[in-house]
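Heads up: the structure comes next, in structure tokens.
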Amino acid sequence: MTTEDSKPASDFIRDIVRQDLLTNKYDGRVHTRFPPEPNAYLHIGHAKAIWISFSIAEEFNGLYNLRFDDTNPVKEEQEYIDAIIRDIRWLGWDWGDRLYYASDYFEQMYEYAEQLIRAGKAYVDELSAEEIRDYRGTLTEPGRLSPYRERPLEENLALFRRMRAGEFPDGSRVLRAKIDMTSPNLNMRDPVMYRILHASHPRTGDKWCIYPMYDWAHGLEDSIEGITHSLCSLEFEDHRPLYDWFLDELGIYHPQQIEFARTNLTYTMTSKRRLLRMVREGLVSGWDDPRMPTLCGLRRRGYTPETIRTFCQRTGVAKTNSTVDIAFLEHCLREDLNQRAQRVMGVLRPLRMVIDNYPEGQVEEFDAVNNPENPAAGTRKVPFSRVLYIEQDDFLEEAPPKYFRLTPGSEVRLRYAYFVTCTGVVKDKSGEVIEVHCTYDPATRGGDAPDGRRVKSTLHWVSAEHAIEAEVRLYDHLFNKEDPADVEDGKDFKDYINPDSLEVLTSCRVEPSLAGATPGSRYQFERQGYFCVDPDSSSGKLVFNRIVTLRDTWAKIQKQQKND
RNA sequence: UGGGGAGUCGUCUAGUGGUAGGACAGCGGACUCUGGAUCCGUAAGCGAAGGUUCAAAUCCUUCCUCCCCAGCCA
């Protein structure tokens, strides 16, 4: 990790683990797991959960498992399994041979269920889903006992076996734990352990028609794998008594569940349901749309795994609900990319510049630094000629205060090349400037004036004759509301989608050294931002995604001037 | 109005009876062949009220606010 902080993270979970190690609670073992349900793609929030579980195991010389919690075949698909594996690998985690599936434990879980029935702690209920809900009571009123609650053990056993055998239709019966219908914790009011689902499972096919519920399955999975610290998010706090109850009643190995707060990001939506909707309704191009907070989206956008891991570490672990400013993620990104990205010149919105006193047909090559943060990255040659392209933003006929770029009569530096002075412009019929004319000072070759005169600005440029065309996709936040999940009455989260989150520029010009750049490679276009070659690129046409802009103090000044 | 959690600068986070610190964002400045990077400076916080104590973010009491739970989802 090049950018990860050197000091080890410390938080309340690490404190607990340290304490457990001290008291030898699990024979000195630390073993965690990340248990995704394969019903969607992973997003930045999952990256945090993965980081918490995996980095803790790593730090304490423990082990970590990747385990698919595939207990609901109605929603789960192989596509998601494959994507999740790919994404976690990309983040840089290696679980060795410890890739598991809850479905591999179905038989064992079934046996445990029979054990509980024989112990008089579970029963087959024939109430309908609606009735069960009704019998459960409310937050303030206790529930009522199901009329099927006191069946003889043998009858429960027989019925449960027939459930497994497929003798009953979906929804007709469930297996319930017999706990306490008056518990103030609703999860303890005889929770459902198994439901009948005649659905084909991505891994077990049609072998099963009863599937375990989360609360019943999860502790068993942890127990079977010998997990020591089962880390999950806050909403499962209420479920912990149930997690404990099942394991205690069964008398089997008992890991401890510890809950932490999820990490949210401003201007970002991480609800699986809504992300799925955006994909299905075509609001984005897919799970890997570079605007998506999914790991594959961030990857395609150009984020590095190191950035994400650093971000996870620096935002910390706590039990307080938190929403981190996305600017912090972007800060981690820039910090990382600044160190590693090769510099290059690219003009997004080309404006033709003619240097009138530069010899026609002449071409010079200038040495350009590949990465000022890393001298070992060396230099490259950039061709220069009489006709160039500069950025439209870098010329203004009437310059506002503090505008240091090119303006009639002003002198600026063309990066690595010469000082040029603007002598005039050419306009089209509508009065739009379509060409600027300059003269250059041959004495400033390389970019420095021997007489010591200074310019206030340095512009990037490309030689018109040598530049290659490219498409550049400019991204902005997908939502224009700080908390898009906070949907006001009568609105839909779609109302908060930023209509300007994507701008496609098709006639950009980049320096010739970029020819042959491969998808996934990242560059800094000087003065503009970081860009990543998109897989949509073909041999004849480069497509870049803007990962993030450079910090832009001029944009800030402009904003202030606009407000004044 | 049941139960479970959480409240420290705008945001995230340290602190565990002894000077409330860091980071991002903000503001100001230096430097600069990227208005980048870097560097320096600056403003800003213990949810409230009582109590214990020489001393409280920290311990006690009461209150307030926010989040989660009534799936045969996870």
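Residue numbers start from 1 in every chain, and the chains themselves are labelled A, B, ... in the order their sequence lines are given, proteins ahead of strands. All values below were derived from every heavy atom in this structure, side-chain atoms included, with hydrogens, water molecules and symmetry-related copies excluded.
Contact annotation: A/R176 side-chain N/O to B/G71 OP1/OP2 distance is not under 4.0 Å. Considering only side-chain N and O atoms, A/K272 lies nowhere under 4.0 angstrom from the phosphate OP1 or OP2 of B/C73. Phosphate proximity of B/G3 to A/T140: absent, as no side-chain N or O sits under 4.0 Å from OP1 or OP2. When the side-chain nitrogen and oxygen atoms of A/R195 are compared with OP1 and OP2 of B/C73, one or more of them lie within a distance under 4.0 Å. Phosphate proximity of B/G35 to A/Q558: absent, as no side-chain N or O sits under 4.0 Å from OP1 or OP2. Distances shown here put a side-chain N or O of A/T71 below 4.0 Å from the OP1 or OP2 atom of B/A74. Of the side-chain N and O atoms in A/R189, none sit less than 4.0 angstrom from OP1 or OP2 of B/G2. Taking 4.0 angstrom as the limit, A/R133 places a side-chain polar atom (N or O) nearer than this to OP1 or OP2 of B/G71. A sub-4.0 Å separation between OP1 or OP2 of B/G35 and a side-chain N or O of A/R405 is absent. Phosphate contact (OP1/OP2 of B/C27, side-chain N/O of A/K556, threshold under 4.0 Å): present. Proximity of A/R136 to the phosphate of B/G71: a side-chain N or O atom is located under 4.0 Å from OP1 or OP2.
Note: A/F236 and A/H239 have perpendicular aromatic rings, judged against thresholds of 30 and 60 degrees for the angle between ring planes.
Stacking of A/R164 on the aromatic ring of A/Y110 is recorded, both the 6.0 Å distance cut-off and the 45° axial limit being met.
A stacking contact links A/F404 to B/G35: the aromatic ring centre lies within less than 5.5 Å of the base's six-membered ring centre, and the planes differ by less than 30°. Ring-base stacking between A/W554 and B/G35 is satisfied, the centre separation being under 5.5 Å and the plane angle under 30°.
Neither side chain, A/E130 nor A/Y135, offers a donor N or O lying under 3.5 Å from an acceptor on the other.
For B/G71, the base adopts the syn conformation, since its glycosidic angle falls within 90 degrees of zero.
Of the candidate nucleotides B/U32, B/A70, B/U13, B/A70 has the atom nearest to the side chain of A/L186. Minimum atom distance to the side chain of A/M213 is reached by B/G71, of the listed B/G71, B/C12, B/U34.
Looking at heavy-atom distances under 4.0 Å, A/R415 makes contact with a base. Heavy atoms of A/A261 sit nowhere under 4.0 angstrom from any nucleic acid atom. Among the protein residues, A/M345 comes within range of no part of the nucleic acid, since none of its heavy atoms lies under 4.0 Å from any strand.
Atom name P, nucleotides B/C24 and B/U16: the rounded distance is 24 Å, in whole Å.
For B/U34, the base has no donor-acceptor partner in the side chain of A/Q528 [N/O atoms by modelled type, under 3.5 angstrom]. Taking only distance into account, the side chain of A/R527 never meets the base of B/G35 through a donor-acceptor pair shorter than 3.5 Å. Between the side chain of A/R314 and the base of B/U13 there is no donor-acceptor pair of N/O atoms closer than 3.5 Å. One N or O donor and one acceptor, one from the side chain of A/E373 and one from the base of B/G36, sit under 3.5 Å apart. A donor and an acceptor atom never sit less than 3.5 Å apart when one is taken from the side chain of A/N185 and the other from the base of B/G4.
Between A/L351 and A/D394 there is no side-chain heavy-atom pair separated by less than 4.5 Å.
More than 12 heavy atoms of other residues, nucleotides or ligands sit less than 6.0 Å from atom CZ of A/R274.
You'll find the ring centres of A/Y418 and A/F366 inside the 6.0 Å limit.
Residue A/H331 is the one, among A/H331 and A/R445, whose nearest nucleotide of RNA chain B lies closer to the 5' end (criterion: closest heavy atom). In this structure, A/L139 and A/E237 both approach RNA chain B, and ranking their closest nucleotides by distance from the 5' end singles out A/L139.
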Pairing string of RNA chain B (Watson-Crick or G-U wobble, both atom distances under 3.5 Å; | = paired to other strand) is .((((((..((((....[..)))).(((((.......)))))....(((((..]....))))))))))).....

